[in-house]
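Below: one structure, written as structure tokens.
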Amino acid sequence: MRIGELAKLSNTPTRSLRYYEEQGLIVPRRLDNGYREYDPHLIDRAVQIRGLIDSGVPTRIIALILPCLDKPRGIVPEDIEPELLTILRQERDKMSHRIDFLTRNRDSIAVYIDAADAALERRTAGSAA
DNA sequence: CTTCTTACA
DNA sequence: TGTAAGGA
């Protein structure tokens with residue numbers, strides 16, 4: 001499929017798909033006319049990359065993570081470079097921090113919403129059936 | 001009409 | 001990232 005179809009199926013802007021290619025993630029083969037040709041299985045990859053970027057993970061880290069995610073679950077190569085493992089640990093911790101941050105803000109918003117709902121409830125009480 | 005590259009905001 | 005230009 002060409003870039004337009006992948007964009008629809010993965011709900012990712014063509015602009016982003018070209019950017020992913022520029023960053024070395026998802027490098028499609030080219031047709032004779034120069035158009036990008038993507039394999040169907042890349043739909044999931046595009047969704048995953050978009051998700052990681054939306055989550056604040058830099059593309060250079062995503063490039064390091066994708067190969068790991070491709071490997072079958074539970075199977076880890078014997079030659080793990082301590083260098084990569086260190087970076088992965090740091091990234092995991094950053095993700096945890098972002099999650100904690102979002103959790104706190106979500107809870108704050110939830111409290112506000114509950115208060116607003118309560119106020120609305122009081123205001124409309126009796127005016128309905 | 002779809003895609004391509006380059007470039008600006 | 002969105003958008004525009006200028007081609008194929």
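Chain identifiers are assigned alphabetically (A, B, ...) following the order of the sequence lines, protein sequences preceding nucleic acid strands; residue numbering begins at 1 within each chain.
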TODO: Considering non-hydrogen atoms only, spot the tightest contact between A/Ala63 and A/Pro67 and give its length.
DONE: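 So the minimum-distance heavy-atom pair works out to O-CD, 3.0 Å.
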Over how many whole Å does the gap from [X] atom [atom1] to [N] atom [atom2] extend?
X       : N     : atom1 : atom2 : value
A/Arg18 : B/dT3 : CZ    : C1'   : 6 Å
A/Leu17 : B/dT5 : CG    : C1'   : 16 Å
A/Glu21 : B/dT3 : CD    : P     : 14 Å
A/Glu37 : B/dC4 : CD    : C1'   : 15 Å
A/Asn33 : B/dC1 : CG    : P     : 18 Å
A/Met1  : B/dT3 : CE    : P     : 12 Å
A/Glu5  : B/dC1 : CD    : P     : 18 Å
A/Glu22 : C/dT1 : CD    : C1'   : 12 Å

- [ ] Sugar-phosphate atoms are those with a prime plus P, OP1 and OP2; base atoms are the rest. Using that split, label each nucleotide of nucleotides 2-8 of chain C B, S or - for protein heavy atoms under 4.0 Å, 5' to 3'.
- [x] BB----B
- [ ] Give the cluster check for A/Leu66 versus A/Met95: same hydrophobic cluster or not, with ILVMFWY residues linked at side-chain heavy-atom distances below 4.5 Å.
- [x] yes
- [ ] Examine A/Leu84 and A/Val57 and state if one hydrophobic cluster contains both, with Ile, Leu, Val, Met, Phe, Trp and Tyr joined whenever side-chain heavy atoms are less than 4.5 Å apart.
- [x]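 Yes.
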Under the side chain to side chain contact (heavy atoms under 4.5 Å, CB included) test, residues paired with [X] that sit two or more places apart:
X        : value
A/Phe101 : A/Arg104, A/Asn105
A/Ala119 : A/Arg122, A/Arg123
A/Ser108 : none

Open item on the list: Test question: given the 4.5 Å side-chain rule for I, L, V, M, F, W and Y, name all other residues clustered with A/Ile113, or answer none.
Closed with: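 Besides A/Ile113, the hydrophobic cluster comprises A/Ile109, listed by chain and residue number.
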Task: Pairing string, 5' to 3', for DNA chain B - Watson-Crick or wobble contacts under 3.5 Å, brackets [ ] where pairs cross, | to another strand - done: .|.||||||
For residues 23-41 of chain A, dump all side-chain donor-acceptor pairs below 3.5 Å to protein atoms at least two apart in sequence or in another chain.
| unit_1 | atom_1 | unit_2 | atom_2 | d |
| --- | --- | --- | --- | --- |
| A/Gln23 | OE1 | A/Thr59 | OG1 | 3.2 |
| A/Arg30 | NH1 | A/Gly34 | O | 2.8 |
| A/Asn33 | OD1 | A/Tyr35 | N | 2.8 |
| A/Arg36 | NH1 | A/Glu21 | OE1 | 2.3 |
| A/Glu37 | OE2 | A/Met1 | N | 3.1 |

Task: Heavy-atom side-chain contact between A/Leu85 and A/Arg89 under 4.5 Å - done: yes
TODO: Kindly indicate whether the side chain of A/Glu121, heavy atoms from C-beta on, has any atom under 4.5 Å from the side chain of A/Asp117.
DONE: no
Distance-only check: which donor-acceptor pairs under 3.5 Å involve side-chain atoms of residues 2-13 of chain A, not counting sequence neighbours?
| unit_1 | atom_1 | unit_2 | atom_2 | d |
| --- | --- | --- | --- | --- |
| A/Ser10 | OG | A/Leu6 | O | 2.6 |
| A/Ser10 | OG | A/Thr12 | OG1 | 3.1 |
| A/Thr12 | OG1 | A/Ser10 | O | 3.0 |
| A/Thr12 | OG1 | A/Arg50 | NE | 3.2 |

Open item on the list: Quick check: on DNA chain B, is the nucleotide nearest A/Arg2 upstream (toward 5') of the one nearest A/Arg30, or the reverse? Name the residue that is more 5'.
Closed with: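 By nearest-heavy-atom nucleotide position, the 5'-most residue is A/Arg2.
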Open item on the list: Just to be sure I understand the geometry, which residues of residues 41-56 of chain A put a non-hydrogen atom under 4.0 Å away from DNA chain B?
Closed with: none
Open item on the list: Does B/dC4 have OP1 or OP2 under 4.0 Å away from a side-chain N or O of A/Arg36?
Closed with: yes
